[in-house]
Every structure is written in C-alpha cells, then in structure tokens.
There are 2 protein chains.
Amino acid sequence: MADASDNQHQTVGAWAKRYYFANRAMMESILRPYGLGSTQWFVLYELVNTGPTMQRDLAQRLHLERATLSGVVATLVRKGLVAQATGADQRQRQLTITDSGLALWKSLPDPVEVTKAIALEGADPAEVEIAIRVLRSAAERVEGNVAD
Amino acid sequence: MADASDNQHQTVGAWAKRYYFANRAMMESILRPYGLGSTQWFVLYELVNTGPTMQRDLAQRLHLERATLSGVVATLVRKGLVAQATGADQRQRQLTITDSGLALWKSLPDPVEVTKAIALEGADPAEVEIAIRVLRSAAERVEGNVAD
DNA sequence: CGATAATTGTCAGGTAGCTAACGAATTGGA
DNA sequence: TCCAATTCGTTAGCTACCTGACAATTATCG
C-alpha cells in the first residue's frame with residue numbers, strides 16, 4: 001500500500017536494490033558484534049582463501065574501484081587484521097591477513113550462507129537459476145553501456 | 001575470468017548487488033549533466049506525480065529512513081528545486097516542487113526507462129517476471145528476519 | 001638514454017544508505 | 001489538566017560506493 005505509487009517502477013532494478021540492501025543489512029547485523037562491515041568481510045574472505053594478494057588484483061576480483069578498496073584496506077590495517085607490504089614493484093601493495101586477523105576469521109559465522117539460507121528458503125531452485133541469469137545478463141548489458 | 005574465485009558467492013545476492021550498482025551508475029551518468037543524483041530524481045518524481053507530500057509519507061514510499069531523506073531533501077532545498085514548509089502540525093514538513101524544480105524536471109530524460117530498456121533488451125518477459133518474484137520474496141523474507 | 005606514457009595507491013569531495021540520540025511538538029491517559 | 005509517551009525532523013558518525021586529480025614509480029619507445 002505504501003507502494004501504490006511505485007507501480008511505475010516495479011522493475012527488476014527496484015527489487016534488486018531492495019534485496020541488496022536487505023541482504024547487506026542482515027550481513028552487517030551478523031558482523032556488527034565483531035566490528036566488521038560486509039565489504040571488510042569479503043576482503044578477509046579473499047585473503048583467507050587465496051592467500052597474499054596484490055591490492056590491484058583484489059579490487060578486480062571484488063569489483064571495487066582502487067580508491068574504494070584503498071579505504072577499506074586502510075581500515076583493516078588500522079584494526080591490525082591485514083598487513084600491507086611493498087615488494088619489488090614499489091607502486092604495488094601486497095595484502096596478507098595477520099595472525100590476529102586469522103584468529104578473528106576463525107571465530108566468525110559465514111554471513112553469506114546465513115543470509116542466503118533465509119532469503120531462498122523454500123524457493124524453487126529452477127526459478128533461482130532463472131533469476132540469476134536475468135540479473136547477470138542485465139548487469140552485463142548495463143555495465144557494457146556505461147563504458148560509453 | 002576475474003570472477004574465478006567468486007564461484008562460492010555466485011548467488012542471487014551477488015548479482016543483485018552488481019545489477020544495482022550498474023543500474024545506479026547508468027542513472028547517475030544520465031543525470032550528472034543536470035547535477036542530480038538518482039535518489040534526488042526519485043524524490044522529484046514523487047513530488048511531480050503525487051503533488052505536495054509530507055516528508056514522513058515520502059520516506060515510506062521510497063523505502064528510506066527519515067534521516068536519509070532528511071539529507072536528500074536538504075540538498076534539493078539548497079539547490080532551490082524543492083520547498084519545505086511547516087503546516088498545522090509543526091513537527092511535520094510538507095514538500096513541494098518549486099517552479100525552478102519543475103522547469104528542470106521537464107528538461108530531464110527518464111533515467112529509469114532508459115536504463116531498463118538497455119538492461120532488459122531481448123529478455124524473455126516471463127523470465128523477467130520470475131526474477132522479480134524471486135527477488136521480492138527474498139527481499140521480504142530477509143527484511144522480516146532483520147527485525148529480530 | 002631520456003622524455004613521455006601508463007600504472008598504482010591515496011586523497012578530496014560527492015551520493016546514498018544506516019543507527020543512535022536529541023529537541024520540539026503533539027497525543028493520550030490517569 | 002498535566003505528565004508521560006509518541007512522532008517527526010535533524011544532527012552526528014559510520015559503511016560503502018563513486019569520480020577526478022595527484023605523486024611516485026615503472027614501462028616504452030624514439
């Protein structure tokens with residue numbers, strides 16, 4: 001009812017947005033007791049599962065701009081969870097999870113799994129597949145067009 | 001290719017996020033020449049199509065927190081596009097689009113339509129329907145759970 | 001070799017969200 | 001009637017994105 005006038009914008013985009021924010025809110029409510037944000041969690045996830053990584057590569061994998069990741073990393077370094085080292089190429093920074101970061105990681109629930117379980121409980125897997133296909137093709141088409 | 005390690009998180013949520021940001025980037029690239037952000041556009045849209053509106057009601061319709069809308073409205077007022085008036089109940093603010101706001105509005109393309117056309121070009125309408133259903137039910141389920 | 005081009009990370013400044021806390025105004029109940 | 005509870009908007013402070021500009025470094029090519 002509050003949505004009566006939303007009918008014009010009853011689009012995939014509108015619901016994608018709403019699901020994204022619901023998802024993120026849930027993840028952050030899970031992570032808040034540990035003092036982590038959702039993107040910070042994804043960074044730790046990558047470092048744990050891929051090992052030491054160049055900051056540049058990490059940005060690509062997480063689909064973040066260099067500048068965005070720079071801020072997230074700075075936060076994690078300040079918290080002592082991640083170490084940022086300079087190697088041969090002095091422009092680049094190599095990221096490694098610290099001991100204290102790993103200790104925190106081991107005590108963490110997986111917020112992606114928890115949220116996914118709630119979101120898709122009882123959903124038809126075939127329909128979920130279709131939803132992913134539609135979203136992916138829409139995302140890729142729009143991404144390709146912004147480049148202009 | 002950059003997504004090789006994303007397989008673990010090849011979820012509806014991951015693609016919803018990616019589509020949301022692509023969508024928003026496209027909308028903002030369309031609106032940038034006019035000095036507007038996407039949420040600012042939605043506020044103007046509501047004021048144009050619904051007429052003068054209480055700030056409180058607008059927040060509900062746009063699914064924004066009072067605090068968030070407060071900032072967006074402050075920006076629009078500063079730009080002279082929206083007027084914020086106090087009425088009988090002196091706690092509430094009534095929002096109205098100004099003449100200069102309306103003039104700007106009339107010169108604007110509809111970024112939602114433009115983006116949607118690109119995103120869903122050639123997509124199967126039945127599959128789009130399914131995607132919306134999946135997203136809506138997922139969003140509502142997660143929203144219901146965060147309330148805990 | 002040496003000047004120009006490209007890469008990398010950071011900073012500055014902007015948009016879009018959130019929660020928590022507060023002041024002012026209104027409502028409700030004892 | 002009057003005090004307590006509620007409502008509404010704002011502010012402050014946080015996360016998470018972006019673009020544009022910059023310094024430092026490394027690559028490239030004439």
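A note on names: the letters A, B, ... follow the listed sequences, proteins ahead of strands, and every chain is numbered from 1. Every value quoted in this text rests on a predicted model; they were computed, and no experiment measured them.
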Go nucleotide by nucleotide along DNA chain C from the 5' end; which of A:Arg32 and B:Leu36 gets its closest nucleotide reached first?
B:Leu36

Without decimals, in angstroms, what is the distance between A:Gln90 CD and D:dT26 P?
5 Å

What nucleic acid atoms does A:Leu64 come within less than 4.0 Å of, heavy atoms only: base, sugar-phosphate, or nothing?
sugar-phosphate

What's the closest nucleotide to the A:Gln40 side chain, out of D:dA16, D:dT10, C:dT15?
D:dA16

Rounded to whole Å, please give me the gap between CG in A:Asn23 and P in D:dA16.
14 Å

Hey, is the side chain of A:Lys17 poking within less than 4.0 Å of OP1 or OP2 on C:dG17, counting only N and O atoms?
yes

Rounded to the nearest Å, what distance is computed from the CG atom of residue B:Asp89 to the P atom of nucleotide C:dG28?
12 Å

Aromatic centroids of A:Tyr19 and B:Tyr20 separated by under 6.0 Å:
no

If you check the A:Arg91 side chain, which of D:dC17, C:dT10, C:dA6 turns out closest?
C:dA6

Can you measure B:Leu95 atom CG to D:dC8 atom P for me and round it to whole angstrom units?
14 Å

Length of the CZ-P vector between B:Arg24 and C:dT15, whole Å
11 Å

Scan side-chain atoms only and decide if B:Gln55 and B:Gln94 contain a donor-acceptor pair under the 3.5 Å cut-off.
no

Side-chain N or O of B:Gln92 less than 4.0 angstrom from OP1 or OP2 on D:dT6?
no

Atom OH of B:Tyr20 to atom C1' of C:dG17: distance rounded to whole Å?
7 Å

Under 3.5 Å, is there any donor-acceptor pair linking the side chain of A:Arg56 to the base of C:dT8?
no

Rounded to whole Å, the CG-P distance (B:Leu58 to C:dG17) equals 12 Å

Do A:Tyr45 and A:Trp41 make the cut of ring centroids closer than 6.0 angstrom?
yes

Using a 4.0 Å heavy-atom cut-off, does B:Ala74 contact any base of the nucleic acid, only the sugar-phosphate backbone, or nothing at all?
nothing

Starting at the 5' end of DNA chain C, which residue's closest nucleotide do you reach first, B:Val72 or B:Arg66?
B:Val72

Indicate yes or no for a side-chain donor-acceptor contact from B:Thr53 to the backbone of B:Gly51 under 3.5 Å, with no hydrogens or angles considered.
yes

Rounded off to whole Å, could you give me the CD-to-P distance for the A:Glu28 and C:dG17 pair?
14 Å

Using side-chain heavy atoms (C-beta onward) and a distance below 4.5 Å, is A:Val82 in contact with A:Leu44?
yes

Quick check on DNA chain D: between A:Gly35 and B:Thr68, whose nearest nucleotide comes earlier from the 5' end?
B:Thr68

B:Ala59 near the nucleic acid: base, sugar-phosphate alone, or nothing, with a heavy-atom cut-off under 4.0 Å?
nothing

Nearest-nucleotide pick for A:Arg93, side chain only, options being C:dG17, D:dG9, C:dT10
C:dT10

Ignoring hydrogens and angles, tell me if any N or O in the side chain of A:Arg93 forms a donor-acceptor pair with the backbone of A:Thr86 under 3.5 Å.
no

Give one of base, sugar-phosphate or nothing for B:Ser38, where a contact means two heavy atoms less than 4.0 Å apart.
sugar-phosphate

B:Ser70 side chain near D:dT11 phosphate (N/O to OP1/OP2, under 4.0 Å)
no

